[in-house]
Amino acid sequence: MRSGELAVNKPLSAKLSKTKANLALALGAQLIVLGTGIVKSLLLPHVMSVEGFAYWQQYVLYSGFVGIIALGFNDGVYLLYGGSSYDDLPFKKLRTAFRFYCGMLLLFAGAIALYANCQDAERGFGFFFVALDAFVLCVSGLMTYVLQITDQFKWYALCTVIDKFVFLGAAATMSLLGVTDHRMYVVADFISKIVSFSIFVWRCRRLVFGPAAGVKEGWLEFSGDIKIGINLMFANFAGMLVANLGRFIVEWFGGLDGYAYYSFGTSVTNLVLTLVTAVSSVLYPALKRLPDDAYGSYYERIDRIVFWLACAGLAVYFPAYLGVEAFYAKYIPMLAYLNLLFVAAVYQSKMSVLVNTFYNALRKEHRLLIVNLQSVSGFCVIAFISYSITREIWWIAASTAIVGVGRCLMSEIELRRELGIEGVLGMIAPLTLAISFFFFTQFCAFSVSAVAYVVSAVVLAGFYIVTNERKKSRCVR
């Protein structure tokens with residue numbers, strides 16, 4: 001190897017080592033989040049009535065979308081300063097921009113509170129806390145991005161898990177005391193977010209406190225960050241809609257019981273998404289520190305990891321199915337479409353880890369927005385027509401899975417072309433696995449489907465390994 005190549009590969013190797021360390025921290029945090037998420041997903045449906053769980057899930061659903069009121073400011077900071085060190089951030093103008101940001105958030109939160117006042121007591125209670133969450137979560141989201149892009153993954157890990165522990169401790173205590181009122185759990189959830197928010201503000205206090213730039217300079221920073229980030233924000237919002245629009249449809253038209261069943265199913269499958277979120281949080285800052293010509297090889301490495309995650313993610317369906325049958329008899333109706341929700345979750349994971357990361361790194365947020373808007377439109381057509389005819393929630397889950405798979409495949413084709421990657425094994429292998437999984441779980445007895453899935457996954461994994469090894473050998477020659 002020539003000395004020039006050694007000089008290029010040495011810093012690249014160092015950056016990859018740093019990425020691995022950050023990934024370990026983020027994965028460790030997300031494993032804790034996963035553990036607390038499992039407990040929460042198992043505990044709350046068991047403690048609450050079906051109706052109470054439905055109201056709890058309404059609160060969770062709408063508070064999950066409050067990021068839209070940030071209007072892309074967080075995303076703009078993420079994109080503009082990705083790869084920067086913390087000390088190099090332009091704090092003076094960011095402080096002024098932050099004050100404009102807080103003012104905007106308070107106006108939106110006030111509007112949500114007014115809407116809450118117009119609802120019935122149960123629904124209004126949830127929306128009042130959504131209004132409170134709006135400010136807390138948006139500011140916390142900004143500081144999460146700051147910690148990510150400046151490589152402060154130890155603090156990111158701490159802030160990620162602290163609110164989960166606080167809520168879990170409160171929820172466990174209330175369940176032992178026999179508290180079943182969902183409103184008490186909503187209050188506990190908000191308090192846990194305040195704890196995390198306080199740590200975020202303390203750690204990123206240089207972003208909040210200190211001398212600030214003038215109003216004009218701060219406004220230019222604020223509006224500029226929104227202009228840069230709004231496409232990514234809308235793209236992420238559209239992506240969230242693809243994954244959650246089914247919940248909105250069921251909530252609006254399916255009644256409280258139907259919404260509780262569907263939400264319980266999505267809370268089970270969302271556990272698959274929790275771990276991969278950690279991977280995507282590390283990858284974008286890491287990519288921004290790599291030369292552009294390394295993107296193609298990096299893409300293929302991540303694609304191989306995603307395949308193994310898909311194998312494991314779909315396998316979780318089988319113990320989840322048995323667990324619901326054994327311990328959650330009141331939620332058994334959702335087993336009819338749990339397999340489809342797992343397929344949707346696996347492809348949502350692939351979008352999060354692989355597709356969204358590289359669209360952002362290549363600064364193609366506009367293309368991501370178009371793909372996601374097309375997917376939302378496709379979902380609306382398929383879901384509304386099928387559900388209006390059948391009134392079966394199964395078709396909502398089917399629409400979510402179909403559109404999720406199609407969105408991911410369209411995006412992968414475009415990214416592979418952009419990065420000059422040959423071959424389609426990374427697309428075909430997970431698709432074959434997902435289709436096999438669906439047919440086995442939909443049309444075979446449970447025990448037969450479990451054995452058939454394991455066999456098909458082993459065969460496909462073997463073929464995948466052999467094909468990749470042959471490709472590596474050709475590259476070496």
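Around atom NZ of Lys330, more than 12 heavy atoms belonging to other residues, nucleotides or ligands sit under 6.0 Å away. Heavy atoms of other residues, nucleotides or ligands lying less than 6.0 angstrom from CZ of Phe327 number 12 at most. Within a 6.0 Å radius of CZ in Arg203, more than 12 heavy atoms belonging to other residues, nucleotides or ligands are found.
Within the 4.5 Å cutoff, side-chain heavy atoms of Phe209 are placed close to those of Val201. With a 4.5 Å cut-off on side-chain heavy atoms, Tyr62 and Ile112 do not count as touching. Counting only heavy atoms from C-beta outward, the side chains of Val250 and Tyr261 never approach each other to under 4.5 Å. In this structure the side chain of Glu412 reaches within 4.5 angstrom of the side chain of Asp303, judged on heavy atoms. Residues Asp181 and Met174 form no side-chain contact, since every pair of their non-hydrogen atoms from C-beta on lies 4.5 Å or further apart. Contact check for Leu147 versus Cys204: side-chain heavy atoms found under the 4.5 Å cut-off. Contact annotation: the side chain of Tyr78 never approaches that of Val146 to less than 4.5 Å [non-hydrogen atoms, C-beta and beyond].
Between atom CD1 of residue Ile199 and atom CD1 of residue Ile194 there is a gap of 12.0 Å, rounded to the nearest 0.5 Å. Atoms SG and CG, from Cys380 and Leu241 in turn, are 8.0 Å apart once rounded to the nearest 0.5 Å. Between atom CH2 of residue Trp394 and atom OG of residue Ser386 there is a gap of 9.0 Å, rounded to the nearest 0.5 Å. Annotation: the span from Phe438 atom CZ to Tyr317 atom OH amounts to 10.5 Å, rounded to 0.5 Å. If you take OH on Tyr262 and OG on Ser267, they are separated by 12.0 Å, rounding to the nearest 0.5 Å. The OH atom of Tyr337 lies 8.5 Å from the OG1 atom of Thr266; values are rounded to the nearest 0.5 Å.
For Arg95, the side-chain hydrogen bond (donor to acceptor under 3.5 Å, both in side chains) criterion is met by no residue, not counting sequence neighbours. When the ring pair (Phe, Tyr, Trp, His ring centres under 6.0 Å) test is applied to Tyr259, no partner is found at least two apart in sequence or on another chain. For Asp257, the side-chain hydrogen bond (donor to acceptor under 3.5 Å, both in side chains) test picks out no residue, with sequence neighbours left out.
Under the salt bridge (Lys or Arg N to Asp or Glu O under 4.0 Å) criterion, the residue pairs touching residues 113-123 are Arg123-Glu251, with sequence neighbours excluded.
Note: Tyr115 and Phe127 have perpendicular aromatic rings, judged against thresholds of 30 and 60 degrees for the angle between ring planes. In this structure, Phe318 and Phe437 have perpendicular ring planes: the angle between them is above 60°, well past the 30° mark.
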Please tabulate, for side-chain N and O atoms in residues 128-144, each donor-acceptor pair with protein atoms closer than 3.5 Å (sequence neighbours left out).
residue	atom	partner	partner atom	Å
Asp133	OD2	Tyr59	OH	2.6
Asp133	OD2	Lys193	NZ	3.2
Ser140	OG	Val136	O	2.8
Thr144	OG1	Ser140	O	2.8

Indicate every side-chain donor-acceptor pair of residues 338-347 with a distance under 3.5 Å to a residue at least two apart or in another chain.
residue	atom	partner	partner atom	Å
Asn339	ND2	Thr441	OG1	3.1
Asn339	ND2	Gln442	OE1	3.0
Tyr347	OH	Leu431	N	3.1

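A distance-only check finds a donor-acceptor pair linking the side chain of Thr96 to the backbone of Ala213 [under 3.5 Å]. Between the side chain of Ser449 and the backbone N or O of Phe446 there is at least one donor-acceptor pair closer than 3.5 Å.
Residue His182 is tested with Phe53, Tyr55, Trp56 for a ring pair (Phe, Tyr, Trp, His ring centres under 6.0 Å); the sole match is Tyr55. Under the ring pair (Phe, Tyr, Trp, His ring centres under 6.0 Å) test applied with Phe248, the options Phe65, Phe379, Tyr387, Phe384 reduce to a single match, Phe65.
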